[in-house]
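What follows is a short report on a single structure.
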Amino acid sequence: MQRLAQTFAADRDPMTLRRDATGLAPERLIVFELTNGLRDFARAAALVPGLEIIGAEDLDEDEEDASPVLYLMIPDARALKEMVRLWALFRAGDVFPRGFAPWRNLFSQLRDLRAWGPRDRVSPEDAVFLAEASTDVHGMVRIELELVYRDDGTTVEAEARAAVAEVGGHVISGARVDGARYQALLAEVPAAELTRILERGAAGLVAAEAIMHIRPQSAMHLTLIEQGAAVPDGTAAAPTGDPVVAVFDAVPQAGHPRLAGRLSVDDPFNLEPLAVGRRVHGTAMASAVLHGDLAVPSPIDLERRVYFLNVMYAPPTADGSGWGRVLDHLAHEHGLLFVVSAGNHMGDLENAATDVLAFEALDEPGKARSALQSSGAMMAHRRLLSPAESMNALTVGALHSDASAAPPALPASTFDPWRDTGLCTVSSALGPGLGNAVKPDVLAPGGRHVVRLLPAGAGHRLSPVGIGSPLLGGVTVASPSAAAAMMPNQVGRSVGTSVAAATLTGLAARLHEVLEACYADFTQLSSRRRAVLLKALLVHGARWSAARDLIIEVLGPADGRQHVRQKDNVRRYLGYGAVDADAVLACAEDRATLWSVGELGSEQGHAFSVPLPAAMSARAQAHEISITVAWFAPPRVGAAAYRGARLRLVNPETGVELFAVAPDKAQPDDNQAHGGTVIHRRWVGDRAAALGEASAFVFNVQREPDNSGDDVAFAVVATVTMPGVAEVYTQVLNRVAVKPRTRVVVAR
């Protein structure tokens, strides 16, 4: 700051501006490393013309982050000069202008102030995976280089390619997606260069100005357990309809009897000849989408084929990339719902306070609490893996659950500490997402992931088990077999967030077909409207499990911000909760679900009215109304507000009073629910409501002011329920104009 002040005093302009005024460029980012989080700084920063905080839209401190960082974009010298003036006031101890007091707090918390550089190009999370990257027989390692985005990317790419060649590497391929302001290279570099990258020194690729981020390719983490036991093939005839669901994965064994005739396989990159080994991952994911858990096959067979795009061929180390911005752009641009796995962390959970013998002596609840305590201590290091942070995607964590029979006994030193707790698996990545959004959005069954107990000094560690015995659990899926003996009962077990995401994708496909059957004009809706509706309906069927109480008991905290912080811990593990497939696919006599789709422009809103059945009046028993709002926001890359459109569910005070309900405590709070692109809220009560024949629960959905000129497609889903009151569905149906052709009733 002193050098900048001297530069201005000499009447020199330190900024060399690019023609691209909005690009996220290293030389125009200043990094503030802080000792504590900061809440009110965004408003003060907005008073400085030309200065933006990257991600300032939902600036909120993360108490798990011991070293918070702010990135400030400074596009012109005037903004920089104003910041220097504020710095001078701070150094002199002078009074700050009105509204600028948070700048004093910022300066007082500085650990470091610097330009974007080598330490920013490799995140701590990516560094862990880069350190584990394996080399091929030639001593080369594959990495992904995200470049500084320019409107004309030719020069930047040339500079990056030259940097790769200079360190003895070569570029395999490149990609550019203008709508996401994304340009990247896939490269192979010598293992020695990887060491230099991890050191974050002043030479090599990590110091190249053309490179914005250095990442590993996203790895597939799958625990597949071979199983020889027969599972009857109860599937119906092959579907014939055109696909509405696509799977991007490794090459599957498309001829497997459980997959044959059910996939439309596309191989534009000619990966089929490269997949010479067993096609485990692609086969498992296709099976999970088509059939769910084969141990309890879905009662609804798909009538449409599933489109399968071969995007990799699963070599010994399988990789991918950081695609979050790209997915956000494609979702908004084309009306696509991406279902993305949260990612898996296979590292050990360590506990220095309890030794191996003490852990073994704990009862089952004690083991669950101990394992959760170990997980909570490492929460900051088990975050979502790219592209799970995508704001428009539906991110799925793995519920520690499957339909396989529990073994009578586990092998020695092997434990299932989270059995029947309702938690995610020990390996499932934890939230929150960008802008403090609720992520993962939901959980779906990802198999029981057991751990092996090992010593660690005076304490112990729990190591997630990889390949092992079929007794260890998992979601049952089709498994590749030899061509000469391709049997329908050739299955395996899969554990992790990949199979959870695949299972939820299959549920989305069934949901689409149910809506087609019930509403004659459903397929006439635009792809955007259908996609956001599916997103809303899937989240609408989620709720926190009993794990909420366990998380609060173990992780607390019991300080002044107890209520908010406790809910923050719960949503990191559970998101909005585990999805109830029956609640998503079907109606029941004692509940009614209504949905609506449309578009909203900036600062527009819409009022919705949910009929309240007279049969629910004067009954002092449990009842509930739940509302979910979903949309796709245009990404604003490099801007302070990345979400190009923000919707708000206005608290329905009048409806809450009328229906005698209050916000359910077992859900993310109102602020947390409004951080992403899906809002899910529930109101519950057990006091009697005085309802007339025309009573309704009225609420509003509003779009907040933004600079996007696009209308945004959105969906609203609302459910009213009172268990045991059979007239609820019929009375609501009689008061709405749109009548479904059929309805499916779930037996109680």
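- Of the possible polar contacts, one joining the His460 side chain to the Thr354 backbone as a donor-acceptor pair under 3.5 Å is found.
- One finds the OG atom of Ser545 at 12.0 Å from the NE2 atom of His400 (value rounded to the nearest 0.5 Å).
- Within the 4.5 Å cutoff, the side chain of Asp441 has no heavy atoms near those of the Val396 side chain.
- Here the closest non-hydrogen pair linking Gly473 and Val495 is O-CG2, 4.0 Å.
- Of the N and O atoms on the side chains of Thr628 and Lys535, not one donor lies less than 3.5 Å from an acceptor on the other residue.
- The minimum heavy-atom distance between Ala478 and Ser287, with the atom names listed, is N-OG, 3.0 Å.
- In this structure, Asp590 contributes its side chain and Ala726 its backbone to no donor-acceptor pair below 3.5 Å.
- In this structure, Arg452 places its CZ atom where only 12 or fewer heavy-atom neighbours from other residues, nucleotides or ligands lie under 6.0 Å away.
- The residues Asp416 and Arg448 are annotated as salt-bridged, a charged nitrogen and a carboxylate oxygen being separated by less than 4.0 angstrom.
- With hydrogens and angles ignored, the 3.5 Å screen pairs a side-chain donor or acceptor of Thr503 with a backbone N or O of Val499.
- One side chain, Ser404 or Asp402, offers a donor N or O that lies under 3.5 Å from an acceptor on the other.
- For the pair Trp544 (side chain) and Lys665 (backbone), a donor-acceptor distance under 3.5 Å is absent.
- Atom CG of Leu410 is separated from atom CG of Leu453 by 12.5 Å, given to the nearest 0.5 angstrom.
- Residues Ser463 and Asp348 meet the side-chain proximity criterion, which asks for heavy atoms closer than 4.5 Å.
- For the atom pair CH2 of Trp418 and CG of Leu462, the computed distance is 9.5 Å after rounding to the nearest 0.5 Å.
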*Step by step, work out the side chain to side chain contact (heavy atoms under 4.5 Å, CB included) result for Leu594 and Val610.*
CA-CA 8 Å; Leu594 302 94; Val610 179; 4.0 Å; yes

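- Ser375 places no side-chain N or O within 3.5 Å of a backbone atom of Leu372 that could act as its donor or acceptor partner.
- No donor-acceptor contact under 3.5 angstrom links the side chains of Tyr573 and Ser428, judged on distance only.
- With rounding to the nearest 0.5 angstrom, the CD atom of Glu589 is 12.5 Å from the CD atom of Gln731.
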*Applying side chain to side chain contact (heavy atoms under 4.5 Å, CB included), run through Leu647 and Phe714 and close with a yes or a no.*
CA-CA 9 Å; Leu647 271 58; Phe714 77 108; 3.7 Å; yes

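- In this structure, the side chain of His291 does not engage the main chain of Val477 through any donor-acceptor pair within 3.5 Å.
- At least one donor-acceptor pair closer than 3.5 Å links the side chain of Thr497 to the backbone N or O of Gly343.
- Checking Arg530 against His512 by side-chain atom types alone, a donor-acceptor pair falls below 3.5 Å.
- Of the residues listed (Val539, Leu537, Leu507), the one engaging Val579 in a side-chain contact (heavy atoms from CB on, under 4.5 Å) is Leu507, and it is the only one.
- In the displayed structure, Glu553 atom CD is contacted under 6.0 Å by more than 12 heavy atoms of other residues, nucleotides or ligands.
- With respect to the salt-bridge test (charged N to carboxylate O, under 4.0 angstrom), the residues Arg572 and Asp568 qualify.
- Within the model, atoms CG of Asp328 and CG of Asn392 stand 4.5 Å from one another, a figure rounded to the nearest 0.5 Å.
- In this structure a side-chain-to-backbone donor-acceptor pair under 3.5 Å is missing from Arg548 to Leu574.
- Between Leu394 and Leu538, some side-chain heavy-atom pair lies under the 4.5 Å cut-off.
- For the side-chain contact (heavy atoms from CB on, under 4.5 Å) test with Pro440, the passing option among Val442, Val438, Leu443 is Leu443; the others fail.
- Contact check for Tyr576 versus Gln667: no side-chain heavy atoms found under the 4.5 Å cut-off.
- For the 3.5 Å distance criterion, the side chains of Arg571 and Asn436 qualify, holding a donor opposite an acceptor.
- Among all heavy-atom pairs drawn from Ser370 and Leu362, the shortest one is CB-CD1, 4.0 Å.
- The two residues Thr425 and Gly446 come nearest to each other via the heavy atoms CG2-O, 4.4 Å.
- Using a 4.5 Å heavy-atom threshold, the side chains of Ile627 and Phe697 count as touching.
- Side chains of Ser427 and His449: a donor on one and an acceptor on the other come within 3.5 Å.
- With respect to the salt-bridge test (charged N to carboxylate O, under 4.0 angstrom), the residues Arg543 and Asp580 do not qualify.
- Between Leu294 and Arg258, some side-chain heavy-atom pair lies under the 4.5 Å cut-off.
- Defined by atom type and a distance below 3.5 Å, a donor-acceptor pair is missing between the side-chain atoms of Asp686 and His623.
- Residues Ser413 and Glu360 share a closest heavy-atom pair of OG-OE2, 4.5 Å.
- Of the N and O atoms on the side chains of His680 and Ser626, not one donor lies less than 3.5 Å from an acceptor on the other residue.
- With a 4.5 Å cut-off on side-chain heavy atoms, Leu515 and Trp595 count as touching.
- How far CD1 of Ile625 is from OG1 of Thr721: 10.5 Å, rounded to the nearest 0.5 Å.
- Proximity of a side-chain donor or acceptor of Thr505 to a complementary backbone N or O of Ala501 within less than 3.5 Å is detected.
- The minimum heavy-atom distance between Lys439 and Met391, with the atom names listed, is NZ-O, 4.2 Å.
- By the neighbour-count criterion of 12 heavy atoms within 6.0 Å, atom CZ of Arg419 is sparsely surrounded, having that number or fewer from other residues, nucleotides or ligands.
- Remark: the backbone N or O of Gly366 is paired with a side-chain donor or acceptor of Asp363 at under 3.5 angstrom.
- A heavy-atom distance below 4.5 Å is found between the side chains of Met285 and Ser498.
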*asked:* Could you go through Leu336 and Phe632, starting from their C-alpha distance and side-chain angles, then the distance that decides it, and tell me whether this counts as side chain to side chain contact (heavy atoms under 4.5 Å, CB included)?
replied: CA-CA 9 Å; Leu336 298 171; Phe632 291 151; 5.9 Å; no

*Given side chain to side chain contact (heavy atoms under 4.5 Å, CB included), test Phe129 with Leu385 step by step and report yes or no.*
CA-CA 10 Å; Phe129 287 94; Leu385 300 181; 3.6 Å; yes

